[in-house]
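Note that the structure is predicted; figures quoted are calculated from it, not measured.
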Amino acid sequence: MNIDTPSLLLHEEKLERNMQRISDFVQSQGIALRPHTKTHKSVEIAKRQVQGGAVGVTVAKLDEAEVLIDGGIDHVFIAYPLTAPKKVERLKALSARAGLIASVDSRVGADLLSDAFSEAPLEVWIKVNSGLNRCGVEPENETLELAQYISTLPGLKLTGLYTHAGHSYAAKSEEQRFEIAKQEAESIVKSAELCEEKGIPIPNRSVGATPTFMESGKASGITEVRPGNAVFFDMVQVGLGVAKIEDCALTVLATVVAKHRDRLVIDAGSKALSLEQGVHGNKSVVGFGHVVGYPDLVIERLSEEHGVIPVDGYTPLDINDTVEIIPNHACVVANLFNRYTIKKENGIVHYWPVDARGGVK
């Protein structure tokens with residue numbers, strides 16, 4: 001491959017197979033797909049997901065929503081509770097251009113949104129804490145209390161509940177991961193049922209971290225899933241048993257720039273691979289990425305521009321050889337590059353921008 005390094009490679013056929021796998025699952029369950037785009041931050045991939053049947057997309061931040069709407073995506077769920085007036089001003093501007101759903105997990109946020117949307121009510125979902133202990137109200141009674149409060153506000157229309165079982169990344173076994181998926185679904189279904197018993201309809205019940213969506217998405221009463229990482233997969237997902245090495249669509253292409261008696265040095269450091277060695281407590285990865293075709297090599301150390309791989313004895317790699325590295329956490333690595341180098345199995349290479357790269361506000 002005549003590609004300068006370090007580069008972010010995306011294997012298009014693997015991407016398509018991963019997206020088809022998700023699509024096949026939701027169709028088999030009769031539920032909706034609203035994929036999280038914080039993983040790829042790409043208008044092209046988001047469009048492909050919508051063309052493949054997604055009812056809309058999910059974003060983490062307003063920056064991402066703005067970029068995707070600029071790119072032609074017309075229905076966006078902002079899965080991050082907004083509580084600052086400046087952000088609500090931006091949301092208001094976006095609401096004139098696309099269908100939006102906002103997230104709420106406090107009366108403070110609900111009041112602010114209702115005031116801003118008093119003339120044309122905004123669709124909102126309540127975030128429920130299913131065990132990650134980040135944002136979100138507690139299931140059932142706390143969820144009901146906030147739902148009842150939102151129902152009194154003229155500027156909001158409550159239509160759903162959602163959660164993110166990010167703690168599934170720390171699962172120590174498949175059984176534990178399945179149990180987290182069960183709890184994830186129950187936190188939403190039981191909360192929705194309690195709301196409906198009190199006369200508050202909850203038509204949308206959304207779950208779906210990548211490690212759990214194929215289990216929690218099967219639960220009776222769940223209406224949609226929102227996987228993000230599943231379009232790419234990475235070494236954390238491999239460590240969890242959710243994916244195989246050959247499923248991973250995203251790699252970093254790097255060049256060996258130095259070879260010494262006890263080490264190789266590559267031109268991909270923390271600015272290309274990130275310093276993550278897990279996510280939400282996951283400790284299944286070794287080093288800073290998997291060197292494809294060389295499973296015994298471990299990227300043991302990263303500085304900003306260099307990766308160091310210890311060697312003991314002979315290695316076939318030499319200066320100017322290239323290697324592909326599957327990142328530990330694909331979402332973070334995608335945000336480090338300006339573009340994807342799209343590689344097809346027939347060798348054709350083209351490029352897509354990482355459109356919302358750096359979009360963190």
What I want to check is whether the side chains of [X] and [Y] have a donor and an acceptor closer together than 3.5 Å.
{"X": "Asn129", "Y": "Arg134", "value": "no"}
{"X": "Thr212", "Y": "Glu184", "value": "yes"}
{"X": "Thr223", "Y": "Asn204", "value": "no"}
{"X": "Asp234", "Y": "Asn229", "value": "yes"}
{"X": "Gln237", "Y": "His329", "value": "no"}
{"X": "Glu324", "Y": "His11", "value": "yes"}
{"X": "Gln20", "Y": "Asp24", "value": "yes"}
{"X": "Ser42", "Y": "Tyr340", "value": "no"}

Would a hydrophobic clustering, with Ile, Leu, Val, Met, Phe, Trp and Tyr connected at side-chain separations under 4.5 Å, put [X] with [Y]?
{"X": "Leu33", "Y": "Phe213", "value": "yes"}
{"X": "Phe288", "Y": "Leu264", "value": "yes"}
{"X": "Phe117", "Y": "Leu146", "value": "yes"}
{"X": "Val292", "Y": "Val323", "value": "no"}
{"X": "Val252", "Y": "Ile326", "value": "no"}

Check whether any side-chain heavy atom of [X] lies under 4.5 Å from a side-chain heavy atom of [Y], and answer yes or no.
{"X": "Ile45", "Y": "Trp352", "value": "yes"}
{"X": "Glu140", "Y": "Glu193", "value": "no"}
{"X": "Leu113", "Y": "Val104", "value": "yes"}
{"X": "Pro353", "Y": "Tyr351", "value": "no"}
{"X": "Lys259", "Y": "Leu317", "value": "no"}
{"X": "Leu297", "Y": "Ile309", "value": "yes"}
{"X": "His260", "Y": "Arg263", "value": "yes"}

For the student: nearest non-hydrogen atoms of [X] and [Y], plus distance:
{"X": "Val354", "Y": "Leu8", "result": "CG2-CD2, 4.5 Å"}
{"X": "Glu224", "Y": "Val55", "result": "OE1-CG2, 4.4 Å"}
{"X": "Thr210", "Y": "Pro227", "result": "OG1-CB, 3.9 Å"}
{"X": "Ser191", "Y": "Val128", "result": "OG-CG1, 4.4 Å"}
{"X": "Val332", "Y": "Ser274", "result": "CG1-CB, 3.8 Å"}
{"X": "Glu123", "Y": "Thr159", "result": "OE2-OG1, 2.6 Å"}

Using the side-chain contact (heavy atoms from CB on, under 4.5 Å) definition, which of the options Gln183, Glu186, His167 pairs with Ser130?
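Among Gln183, Glu186, His167, the one that satisfies the side-chain contact (heavy atoms from CB on, under 4.5 Å) with Ser130 is His167.
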Hey, does the side chain of [X] reach the backbone of [Y] with a donor-acceptor pair shorter than 3.5 angstrom?
{"X": "Ser206", "Y": "Tyr162", "result": "no"}
{"X": "Asp105", "Y": "Val137", "result": "no"}
{"X": "Gln277", "Y": "Gly287", "result": "yes"}
{"X": "Ser114", "Y": "Asp111", "result": "no"}
{"X": "Lys38", "Y": "Gly228", "result": "no"}
{"X": "Asn18", "Y": "Leu15", "result": "no"}
{"X": "Asn328", "Y": "Glu276", "result": "yes"}
{"X": "Asp115", "Y": "Leu112", "result": "no"}

Find the distance between [atom1] ([X]) and [atom2] ([Y]) and round it off to the nearest 0.5 Å.
{"X": "Glu64", "Y": "Asn335", "atom1": "CD", "atom2": "CG", "result": "8.0 Å"}
{"X": "Gln176", "Y": "Leu240", "atom1": "CD", "atom2": "CG", "result": "10.0 Å"}
{"X": "Thr37", "Y": "Lys61", "atom1": "OG1", "atom2": "NZ", "result": "13.0 Å"}

From CA spacing to verdict: side chain to side chain contact (heavy atoms under 4.5 Å, CB included), Leu10, Thr341
CA-CA 6 Å; Leu10 180 53; Thr341 297; over 6 Å; no
Assess whether a salt bridge exists between [X] and [Y], defined as any Lys/Arg side-chain N lying under 4.0 Å from an Asp/Glu carboxylate O.
{"X": "Lys182", "Y": "Glu175", "answer": "no"}
{"X": "Glu12", "Y": "Lys343", "answer": "no"}
{"X": "Lys127", "Y": "Glu138", "answer": "no"}
{"X": "Arg48", "Y": "Glu44", "answer": "yes"}
{"X": "Glu174", "Y": "Arg177", "answer": "yes"}

Look at the rings of Phe232 and His40 and say which category their plane angle falls in: under 30° parallel, 30 to 60° tilted, over 60° perpendicular.
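Aromatic pair Phe232/His40 classed perpendicular.
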Is Val257 isolated, or which residues cluster with it under the ILVMFWY side-chain rule of less than 4.5 Å, directly or via members?
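Hydrophobic cluster check, Val257: joined to Val265.
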Between side-chain atoms of residues 68-83 and protein atoms elsewhere (two or more places apart, or another chain), which donor-acceptor pairs fall under 3.5 Å?
from, atom 1, to, atom 2, distance (Å)
Asp70, OD1, Arg97, NH1, 3.3
Asp70, OD1, Arg97, NH2, 2.5

Pair Glu300, Val308 - check side chain to side chain contact (heavy atoms under 4.5 Å, CB included), show working.
CA-CA 6 Å; Glu300 191 173 86; Val308 179; 5.9 Å; no
More than 12 foreign heavy atoms under 6.0 Å from CG of Asn320: is that the case here?
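Atom CG in Asn320 is not packed in, count stays at 12 or less.
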Inspect the surroundings of NZ in Lys157 and state if more than 12 heavy atoms from other residues, nucleotides or ligands are less than 6.0 Å away.
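No.
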Do Arg226 and His164 pass the side chain to side chain contact (heavy atoms under 4.5 Å, CB included) test, and can you show the C-alpha distance, the side-chain angles, and the key distance before you say yes or no?
CA-CA 9 Å; Arg226 308 181 323 279; His164 172 63; 4.2 Å; yes
With respect to Asp63, which candidate in Arg90, Lys361, Arg357, Lys41 satisfies the side chain to side chain donor-acceptor pair (under 3.5 Å) definition?
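That would be Arg90.
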Using the rule given for side chain to side chain contact (heavy atoms under 4.5 Å, CB included), can you reason through Asp4 versus Leu253, listing the C-alpha separation, both sets of side-chain angles and the distance that settles it, and then say yes or no?
CA-CA 9 Å; Asp4 202 2; Leu253 184 69; over 6 Å; no
